[in-house]
Amino acid sequence: MSQRSPLSEVKKGHITTLLAKGKRSDGRSFGELRPVSIIEGAIETAEGSARMKLGNTEVVVGIKMAVGEPFADTPNKGVLTTNVELIPMAFEEFESGPPSPMAIELSRVVDRGIRESQMIDLEALCITPEKEVWVLYVDVYALDYDGNLFDASSIAAVAALRNTMVPAKRFGKGEDFHLPLRSTPISCTTVKIGDYLVVDPTLEEEEVSSARLTVATDENGDLRAMQKGGSGFFTFEEVKKSIEMSVEAGRAIRGKI
Amino acid sequence: MSQRSPLSEVKKGHITTLLAKGKRSDGRSFGELRPVSIIEGAIETAEGSARMKLGNTEVVVGIKMAVGEPFADTPNKGVLTTNVELIPMAFEEFESGPPSPMAIELSRVVDRGIRESQMIDLEALCITPEKEVWVLYVDVYALDYDGNLFDASSIAAVAALRNTMVPAKRFGKGEDFHLPLRSTPISCTTVKIGDYLVVDPTLEEEEVSSARLTVATDENGDLRAMQKGGSGFFTFEEVKKSIEMSVEAGRAIRGKI
Amino acid sequence: MSQRSPLSEVKKGHITTLLAKGKRSDGRSFGELRPVSIIEGAIETAEGSARMKLGNTEVVVGIKMAVGEPFADTPNKGVLTTNVELIPMAFEEFESGPPSPMAIELSRVVDRGIRESQMIDLEALCITPEKEVWVLYVDVYALDYDGNLFDASSIAAVAALRNTMVPAKRFGKGEDFHLPLRSTPISCTTVKIGDYLVVDPTLEEEEVSSARLTVATDENGDLRAMQKGGSGFFTFEEVKKSIEMSVEAGRAIRGKI
Amino acid sequence: MSMDLPEGMKLIDENGKRLDGRNADELRPIRIEAGVLRRADGSAYVEMGKNKILAAVYGPRECHPRHLQDPTRAIVQCHYNMLSFSVDDRKRPGPDRRSVEISKIVGEALEYSIFLEQFPRTSIDVYIAVLQANAGTRCAGLTAASVAVADAGIPMRDLIPACAAGKVADTIVLDLNKEEDNFGDADLPLAYIPRTGEVLLLQMDGHLTQAEFNRAIELAKGGCSQIYAVQQDALRRKYSIAAGENGGKEEEARGNVA
Amino acid sequence: MSMDLPEGMKLIDENGKRLDGRNADELRPIRIEAGVLRRADGSAYVEMGKNKILAAVYGPRECHPRHLQDPTRAIVQCHYNMLSFSVDDRKRPGPDRRSVEISKIVGEALEYSIFLEQFPRTSIDVYIAVLQANAGTRCAGLTAASVAVADAGIPMRDLIPACAAGKVADTIVLDLNKEEDNFGDADLPLAYIPRTGEVLLLQMDGHLTQAEFNRAIELAKGGCSQIYAVQQDALRRKYSIAAGENGGKEEEARGNVA
Amino acid sequence: MSMDLPEGMKLIDENGKRLDGRNADELRPIRIEAGVLRRADGSAYVEMGKNKILAAVYGPRECHPRHLQDPTRAIVQCHYNMLSFSVDDRKRPGPDRRSVEISKIVGEALEYSIFLEQFPRTSIDVYIAVLQANAGTRCAGLTAASVAVADAGIPMRDLIPACAAGKVADTIVLDLNKEEDNFGDADLPLAYIPRTGEVLLLQMDGHLTQAEFNRAIELAKGGCSQIYAVQQDALRRKYSIAAGENGGKEEEARGNVA
């Protein structure tokens, strides 16, 4: 999104021309998600997992748990760590090495979508206050990148958490039990191309967009997390429209996990 | 100091010509410090702090303390850690990332000025021998660089230590108390330009100098630490002259903190 | 070995021509090692040490020990850590910084040669099961590089281990004692140049070789570790021939340590 | 957002007053000074409540690392940095993940405000140093950085003011302080150009109904308008001082918005 | 190799069967699919027992970092990567020493199989992601990577199959699984081109007499031959599907070798 | 300097002798050999008491990294490195802050001694490896490095000898060993060219009156003069051996200064 080659100006022209006719280059309507497929529990070595395709974008999420110490300021809560890895397998511009700002923003947005929505009952993951709690690692790997990793990562992470068994037996802490969950936040991203708003952008659409808004909503349509990105602007009208589109699209996803 | 552009040869010529007439480009005498201003206790989140200007050079120092373990070979002493950060805000050639050799040398010279002068009574910072001691972090940040960070950093660090309260209450270790101090070492730096020695160099003077001598002295004029830098040489006569100038200039500073 | 300059093609031609006549450029026969000299116990600050020359290749190995915790899956065994440092002193293409793939491969091959041969009785290095064991660091430094660091490093490491005293007294764990050893694995490396196999290659020979086979054997001629390297191939006949040459050359070394 | 409210602490009292005595729609005192550093091309200092923040700008200048160069315009490289002693528990120097994210979104907002096309192949480097932190540092940092860009004389569309609104003890409030941030229910930082209505930074953490969201946005917009005025005033003072050749005293040049 | 056998565990039972019911000379079930990723130039997925492995190939493309460029041929840069959740105890993301070594030796084997001279100055980048690990991942990874290179349409001498043999409870066996690897006596990974008899990868850990070594090599060669057929089959399916314009169903396209 | 003296330890006895039997103004035995490595362009080995130190020089050669290149002269890049086993508690390999500082000041001293203008755009890389450490390694390292530069045939103003003086049990002494360094009161490393009286390295830690400082300087100067002779001798031996085509035996070529 940062560098604008002449090519992408042409591409942008083409995509915008289509949008003016109410069309997207892959035939979807502005508020329509790409086909979603989720395979839950695909990884036997993980406590929970999901492999997800959102159109041609593919991610795999694995949940690992271990017994560790709580943070000093939350002595009676489990510890949640979320990490998104943009491995070079997924895209020619992803590089090995320390995480890029893009990967860090993604990790933190996925993390907040889970954490701030209080999806996980972290207090139920306390074993002995101040001493021992469950530590939960949510690791997201991008495998194939065709846009909108924000939603693919968030939704796959939620799906993986929903099939996670706490490995209590392996750690000598009694019987295994389902990860205690509360709400199910669903993240949906809208981008702005010219003056148009479209959900679930492809890579091509991302490249020509000026701004991005990711909105996580819960079952009641309440807002649980939000992140604007990109160097363009939204008007407040556009922000409200994006929220509506997110709530709508979130509803479509909610049935699939 | 490492690369000599043609420009700096011109600059050097100009500065040396002035020095031959007994003048410095900012009008000071050879042994004169730039104006000093020190605001102590400027940072409320720190246990002690000082923001200091030495001419146009500006640094901020904050002291943080915590309870930790002593080193195995000094089981009854607190732990002192000194760090100078040359952040790119202060100068166009400072870079983010791992500390440069210049930053490391600075950190270590400031550290030795405090440590070897035994300014801090580290034994009084022992809580339980071999188990718990106070750990003291002296963090110096350069904000605006116009030469002589050695002295600005050292003096500001000493000033910050002098207003430091040990946060015993916050750590459940009784009442807060003043950091137990002994002597007050003052660091003063002389550089050699051509055959002339001047104290407290500006950046311009540093750039054309061939060698640097930093001397930390105590209330009695005794030597507490010394560091020669730069790829030029001093004669022993020059070393002695530098020490004299440092003791003199140190006396001027001593009144201000 | 990765980049082939025109120069090395010429060199290769020369070396291969000689090999066709049954000769090596330094006069050795195909199965002959370069002169070996080993000074054991050269480093007084180490628990064990060896400085070794293999022709013009020189390495120094020091063994350090400390009391630490065992790994969770081997609660009654000491911990072995092997590291080969390719410092730039030894060769103009070695660089400071994180270890290169070559250094990592070397470290791991030396480590496996010691570990998998069960040379060290790691159970005898347990102090209190699950709590305290001896941790053993085998640090190899290349000082002068003229080929075949695999064998120089492995053999010097074995020699250093053989003169290692466990520093029990220094750690308050009773009297010092000899590191408990079992077999003595000897590593020997063969490279393939054209269709010829030669042991203990010089740097020049390494540079024109297509593949490398390192074989560690014990007193009985049994195989204890093996590593093929390089982007060329061996036939199975060549593998067997290399093993024979390694066993033979290993016998020659075995007498010297 | 994640901590439990300590016993006996009331974030909003029976009179609707907050812990620091403010009303729900009130900003903390804010003070901005432009041109506080000599070496940087532009700089600004912001105090907003107990936040103390410096921003410096270098550029447009040669772009490092080279491969980031854009032949059609300048790039903005923003570095948000909390000094180790700016928080209660010492922070290790150097960027953590939070700093990287804030640098990215603050840098994106600044990009929009600058006429980047005028300086192809260059970099505009923005450094934000948080000397003392008390919630809201990303907004105060962006507020400071935008003044520093102006102080550097770089052509801009407009200044960018930023501040947060949020939800505390079931009340929508403006400009959360540390306690409100720690024990509150939602935080919504906003950067917004009052003149054009453009939203350049928007985040939300916590739990808000859509109606609460709308109310929070209204408060934050109001906060941005006030801050915008203080930004303009800081630059005016700087230039009038410069024009008057340091005839004004620095002390007089300080302004407060209560 | 280093762990003690848990009490009561028998790696080979009285009937000569292994823990997972296999005979000594039997491979685990293997399944290979070519062309599973859209973005990469070539890709493959391998399941071998409980191993699940993806390989992707990009290139030949411009070589980064530049100083590795070879003016006479392409270079192969191979990155073997175990995902954090692929093993029992979470692995920190990023390469450890083991990964670097495996990347090196797998990359060297691939180099031999590619006509590198046809693409001077370029890089062929091979990425292996271990999604789930159960011993033998370097061999399964190389097997997958070789199919991915072919899928990318890069001119090759031949496909490279790889598998291990080893020694378990005094028996020489083919294709060790996790328990056999942990509690066995020796492991011998081999990559070998059946058509030409060329050995491209060979390692050995543990303790083998020379006679045992020869027996292990024979088993591993047999394993490679079987895997080679599955590799070819995967590519044939991919191309026939492509030729038949997705007329075949994916499910049918899966093959097993028992 | 920071440790408490163990009970019963006397750093200076009633006869004025030090722990290792030396008088106050006596150096430890020193041995220098030039040209000990084949690959490096120049090299030297120094034993000084229980210090064992190797130095190697490569260059003048192409400067890496490029941006450090100076179009008017060579640069010196010095790397001081304590091997992990050179001290009592294993040191993690790689540079720590102490090593970086020593590399910087030793490199600056070497710079002065070399006619850098003769080799614009190049780098002269100096590597110092401390195999065994016993106080005074920076001085012994610089002493070795200077001989290695000469051995590389690089045009020099002069050789640089270095040694420390210090204060131990109220006595000013020459060339502190480990115990004296740990439990003493002051340490003053000096590098100084006897012929010209130029001071190239000077540090001081601890507590000295100005009179004590002057006395320490006098001792250190004397030490440097002795070491300078041993340096010259090492080079002479190397060249005479070379001239005599290895006619001399290495054992004879060793010199001691008591």
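Worth saying up front: this structure is predicted, and the values here are computed from it rather than measured. Naming convention: chains lettered A, B, ... in sequence-line order (proteins, then strands); numbering from 1 in each chain.
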message = Measuring only between side-chain heavy atoms, which start at C-beta, is F:R97 closer than 4.5 Å to B:N83?
response = yes
ask   = Counting only heavy atoms not in B:E219, do more than 12 sit closer than 6.0 Å to its CD atom?
value = yes
ask   = Looking at B:E105, B:M102, B:R224, which one has more heavy-atom pairs under 4.5 Å with chain F than the rest?
value = B:R224
ask   = Would you say F:E212 and B:L223 make side-chain contact, with heavy atoms under 4.5 Å?
value = no
query = Relative to chain B, which segment of F:L190 carries a heavy atom at a distance below 4.5 Å: side chain, backbone, both, or neither?
reply = side chain
note = chain B shares the most heavy-atom pairs under 4.5 Å, among F:T209, F:V199, F:L200, with F:V199
inquiry  = Report which part of B:V215 has an atom under 4.5 Å of a heavy atom belonging to chain F: side chain, backbone, both, or neither.
reply    = neither
ask   = Do the side chains of F:L188 and B:M226 get nearer than 4.5 Å, heavy atoms only?
value = no
ask   = Got a sec: does the CD of B:E69 have more than 12 other heavy atoms crowding it under 6.0 Å?
value = no
Chain F contact via B:N220 - which portion, at a heavy-atom distance below 4.5 Å = neither
task = Give a yes or no on whether a salt bridge exists between B:R212 and F:E108, defined as a side-chain N under 4.0 angstrom from a carboxylate O.
result = no
ask   = Relative to chain F, which segment of B:I243 carries a heavy atom at a distance below 4.5 Å: side chain, backbone, both, or neither?
value = side chain
message = Quick one, B:F236 and F:I217 - any side-chain contact, counting heavy atoms below 4.5 Å?
response = yes
task = For the residue pair B:Q118 and F:H207, establish whether any side-chain heavy-atom pair is separated by less than 4.5 Å.
result = no
Largest heavy-atom contact set with chain F, pairs under 4.5 Å, which of B:G232, B:A216, B:P101, B:S107 = B:P101
note = CD (F:Q203) and OG1 (B:T214) are apart, to the nearest 0.5 Å, by 11.0 Å
key: Sub-4.5 Å side-chain heavy-atom contact between F:K104 and B:R108   = no
note = Rounding to 0.5 Å, atoms CZ (B:F233) and OG1 (F:T196) come to a distance of 7.0 Å
Flag side-chain contact, heavy atom, 4.5 Å: B:V247 against F:Q210 = yes
ask   = How far does CD1 of F:I114 sit from OG of B:S231, to the nearest 0.5 angstrom?
value = 11.0 Å
inquiry  = Measuring from atom CG of F:D205 to atom OG of B:S117, what distance do you get when rounded to the nearest 0.5 angstrom?
reply    = 10.5 Å
